[in-house]
Undergrad: 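For reference, the structure I am asking about is given below.
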Amino acid sequence: MYLLHLTTFAAAVIAIPVVKDEFAEGPNHWYSLAKMDLEKAERVIRNTNKAKNIIIFIGDGMGMSTVTAARIYQGQKDGRRGEEGYLHFEKFPHVSLIKTYNVDRQVPDSGATATAFFSGIKTNFYTLGMNSLAKFNTCNVEIGKKAHVKSVLQWAQDSGRDTGFVTTTRITHATPAALYASTPNRDWESDMDIPESEREKGFCKDIARQMIENSPGRNTKIILGGGLGKFRNVGNKTSRLDNKDLIQEWKDDKYQHGTSYRFIENRDQLSDPTLLDNEYILGLFHSNHIPFELDRNSETTAPTLLEMTTTAVKFLQKNNKKGYFLAVEGGRIDHAHHLNLGAKALEETVALSKTIEAVTKMVDLENTLIIVTADHSHGFTVNGYPGRGNNILGLGDMDKYGLPYTTLLYSTGPGLPSHMHKSPEDPSRPFMNLTGFDTTNKEYLQRSSVYQADSSHAGEDVPVYAIGPMAHMLHGVHEQSYIAHVMGYAAEMGPYSKQTLAMDNTYEQSYITDILSYDAIMDPYSKESLTT
């Protein structure tokens, strides 16, 4: 990927209108805004109802700078300056900060962070669904049994709720996989991904098999995302050494249990009005991840995050006697950041916000808790001293040599080389002059300070926004693992399934002991599971 000149790839440019009218923002403006906010604050009432339903949205890599930039980006696309606007979830009444570090790392990965907010415990870098006893990349059956932890997906199923999850990534990718899998390496999505030395031991199931063969994955009512290639070989490409067709195994399992089911692979099948008549739905719309929003065209057959999520909510609402749990991931925010593709990251964030807005209108907030958060941040900055309303994707300021740089920059990633002269006349001035370059193009890589093929995460706290029953429990600064406990407490499930014993240490200890005791259907390391 290269810097794109102003005259090239015009169709790929992000169209942001120029704001012509100046806003009157004198002293009275700010006083009026403050009074409105005070009135809203006075009207906030704690909802202490039990949460019948829980929906958690995860913006993967959606740190505070991403939220800020996406807010401006959305506003500018709508013809405003941008800074004064809000993403939909920013209007939620309860906000907190979350500490994202792993047990063994200052800056986390998505597997360990997802384990924290889905299972209520922090763990080691790059491990998934296991506590800190687990050692990265090492299969050990005894440690595996002791390290395995239950997630909120299992808590919800144990409480009688229907469950589902939606993602724009492969459904075996780190964040969604933490709902149902237990593995010492988050990358072990298929058997082909497990090193031969560990695969030969024979007792570490890949993530795709765990989803199909073990609870809670096999009992999840609706699953929508990408990643078909981890479940069976697609075309001439070998992605499973065991040649298993796990999709057929999923179908066989549902047939043998006498339940109705449907496997779908495209947008048209998702919109079929008879789809919701089934008891189980599995939709895999791409062999890999679902395409970026800005890469969609007339040939794209995969549904959008909005379409997948609203379908999942409608499906889970149809048999809503005991309620439901739904996890939704905007996973490609992170992927765009890793590639230093700022425009794509912001478009993915706006798509997540619009999805949250649609869902908020579909549910009853008296009995539905909605949480929005990120698993981690990125080294992504909104910097310089650009004027109000300056294109967020544009040039923001000048360096000491008078050369312009963009408002959006990255600390690490692949964006550095394309901004440097191959043979600079003056070695002290290695960067190219961006004057005349189209920095708003969707394929433009923002400059990074340190060159890496793939950018690193950032370690600062991330925000969490909440509305609905017990949303006020998310306040102040908390460990990331606290989020799972809020969900359990609000819905009286998992370790909080008996409200009167929720804070009783004896009960908590008995629950911890219980999650280390496995029956065959729960334990991916059990004898029955290992012979499947």
Side-chain angles (χ1 to χ4, degrees), residues 1-3 14 57-74 87 89 98 100 102 105-114 125-126 167-170 173-176 186-187 226 288-295 305 329-353 372-383 392-393 396 405-419 439-463 480:
M1 299 179 184
Y2 304 92
L3 283 169
I14 312 300
F57 292 90
I58 301 97
D60 198 315
M62 190 180 70
M64 198 64 247
S65 59
T66 301
V67 173
T68 301
R71 174 199 309 152
I72 298 170
Y73 175 80
Q74 175 181 267
L87 297 174
F89 54 84
I98 297 298
T100 64
N102 297 156
R105 298 287 178 107
Q106 282 185 339
V107 179
D109 91 289
S110 295
T113 55
F125 185 80
Y126 238 70
T167 180
T168 51
T169 69
R170 297 187 298 268
H173 208 243
T175 300
R186 53 166 279 189
D187 284 344
N288 198 359
H289 305 299
I290 288 176
F292 287 115
E293 285 291 316
L294 288 178
D295 290 341
L305 181 65
E329 183 200 22
R332 305 228 65 193
I333 301 169
D334 174 71
H335 294 173
H337 278 321
H338 277 298
L339 297 172
N340 290 172
L341 291 169
K344 291 186 178 182
L346 300 188
E347 188 70 29
E348 295 294 316
T349 306
V350 170
L352 177 64
S353 177
V372 181
T373 191
D375 50 352
H376 57 77
S377 184
H378 266 273
F380 175 69
T381 62
V382 182
N383 68 159
I392 191 66
L393 299 175
Y405 60 90
T406 54
T407 302
L408 305 179
L409 294 172
Y410 286 91
S411 57
T412 63
L416 179 62
S418 58
H419 289 79
T439 62
T440 69
N441 192 284
K442 71 185 180 74
E443 301 297 344
Y444 172 76
L445 279 72
Q446 276 76 20
R447 194 173 90 194
S448 62
S449 298
V450 176
Y451 176 59
Q452 292 180 335
D454 192 64
S455 77
S456 300
H457 295 167
E460 70 267 19
D461 297 352
V462 297
Q480 194 164 44

Undergrad: Just checking H337 against Y410, ring centres under 6.0 Å apart?
TA: yes
Undergrad: Could you go step by step and tell me if N340 and Y444 meet the side-chain contact (heavy atoms from CB on, under 4.5 Å) rule?
TA: CA-CA 8 Å; N340 290 172; Y444 172 76; over 6 Å; no
Undergrad: Checking T113 side chain against S110 main chain: does a donor-acceptor pair fall under 3.5 Å?
TA: yes
Undergrad: Flag the pair E443 and K344 as a salt bridge only when some basic side-chain nitrogen lies within less than 4.0 angstrom of an acidic carboxylate oxygen.
TA: yes
Undergrad: Is it true that a side-chain atom of Q106 and a backbone atom of G459 form a donor plus acceptor pair closer than 3.5 Å?
TA: no
Undergrad: Please check if the side chain of T373 supplies one atom and the backbone of P463 the other of a donor-acceptor pair under 3.5 Å.
TA: yes
Undergrad: Between I392 and L408, what is the shortest heavy-atom contact and its length?
TA: O-CG, 3.3 Å
Undergrad: Taking the side chain as C-beta and beyond, is there a heavy-atom pair between Y451 and P417 under 4.5 Å?
TA: yes
Undergrad: Any side-chain heavy-atom pair from F292 and E347 closer than 4.5 angstrom?
TA: no
Undergrad: Side chains of D60 and H173: do they bring a donor and an acceptor to under 3.5 Å?
TA: no
Undergrad: Mark yes or no for whether D375, through its side chain, and G61, through its backbone, hold a donor-acceptor pair below 3.5 Å.
TA: yes
Undergrad: How about N102 and Y126: does a side-chain donor come under 3.5 Å of a side-chain acceptor?
TA: no
Undergrad: Output the distance between atom CG (N288) and atom CZ (R170), rounded to the nearest 0.5 Å.
TA: 5.0 Å
Undergrad: Between L409 and Q446, what is the shortest heavy-atom contact and its length?
TA: CA-CB, 4.4 Å
Undergrad: Under the salt bridge (Lys or Arg N to Asp or Glu O under 4.0 Å) test, which residues partner R447, sequence neighbours left out?
TA: none
Undergrad: Please report the C-alpha distance between L393 and L346 in whole Å, then the side-chain angles of each, then the deciding distance to 0.1 Å, and finally whether the side-chain contact (heavy atoms from CB on, under 4.5 Å) criterion is met.
TA: CA-CA 10 Å; L393 299 175; L346 300 188; 4.2 Å; yes
Undergrad: Can the ring centroids of F380 and H457 be said to lie less than 6.0 angstrom from one another?
TA: no
Undergrad: Closest heavy-atom contact between A345 and A336?
TA: N-CB, 3.4 Å
Undergrad: Between E460 and S377, do the side chains contain a donor N or O and an acceptor N or O under 3.5 Å apart?
TA: yes
Undergrad: Roughly how far, to the nearest 0.5 Å, is OH of Y73 from OG1 of T440?
TA: 9.5 Å
Undergrad: Are a donor atom and an acceptor atom from the side chains of T175 and E329 found within less than 3.5 Å of each other?
TA: yes
Undergrad: Could you walk me through whether L339 and L445 pass the side-chain contact (heavy atoms from CB on, under 4.5 Å) test, one step at a time?
TA: CA-CA 7 Å; L339 297 172; L445 279 72; over 6 Å; no
Undergrad: Can you see which heavy atom on E293 is nearest to which on A351, and at what distance?
TA: CG-CB, 3.9 Å
Undergrad: Salt-bridge test for D295 and K442: reply yes if a basic N is under 4.0 Å from a carboxylate O, no otherwise.
TA: yes
Undergrad: Mind listing the closest non-hydrogen atom pair of H335 and T169 along with its distance?
TA: CE1-CG2, 3.8 Å
Undergrad: Evaluate the side chain to side chain donor-acceptor pair (under 3.5 Å) criterion for residues T66 and H378: first the C-alpha distance (whole Å), next the side-chain angles of each, then the deciding distance (0.1 Å), finally the verdict.
TA: CA-CA 8 Å; T66 301; H378 266 273; over 6 Å; no
Undergrad: Side chains of S448 and Q452 only: does a donor on one sit below 3.5 Å from an acceptor on the other?
TA: no
Undergrad: Please evaluate residues M62 and L352 with respect to the criterion side-chain contact (heavy atoms from CB on, under 4.5 Å), reporting the C-alpha separation (whole Å), side-chain torsions for both, the decisive distance (0.1 Å), and the verdict.
TA: CA-CA 10 Å; M62 190 180 70; L352 177 64; 3.9 Å; yes
Undergrad: Between OG1 of T167 and CD1 of I290, what distance do you get to the nearest 0.5 Å?
TA: 7.5 Å
Undergrad: Are D334 and H376 packed together at the side-chain level, in the sense that at least one heavy-atom pair is separated by less than 4.5 angstrom?
TA: yes
Undergrad: Nearest heavy-atom pair of T412 and S455: which atoms, and what distance?
TA: O-CB, 3.2 Å
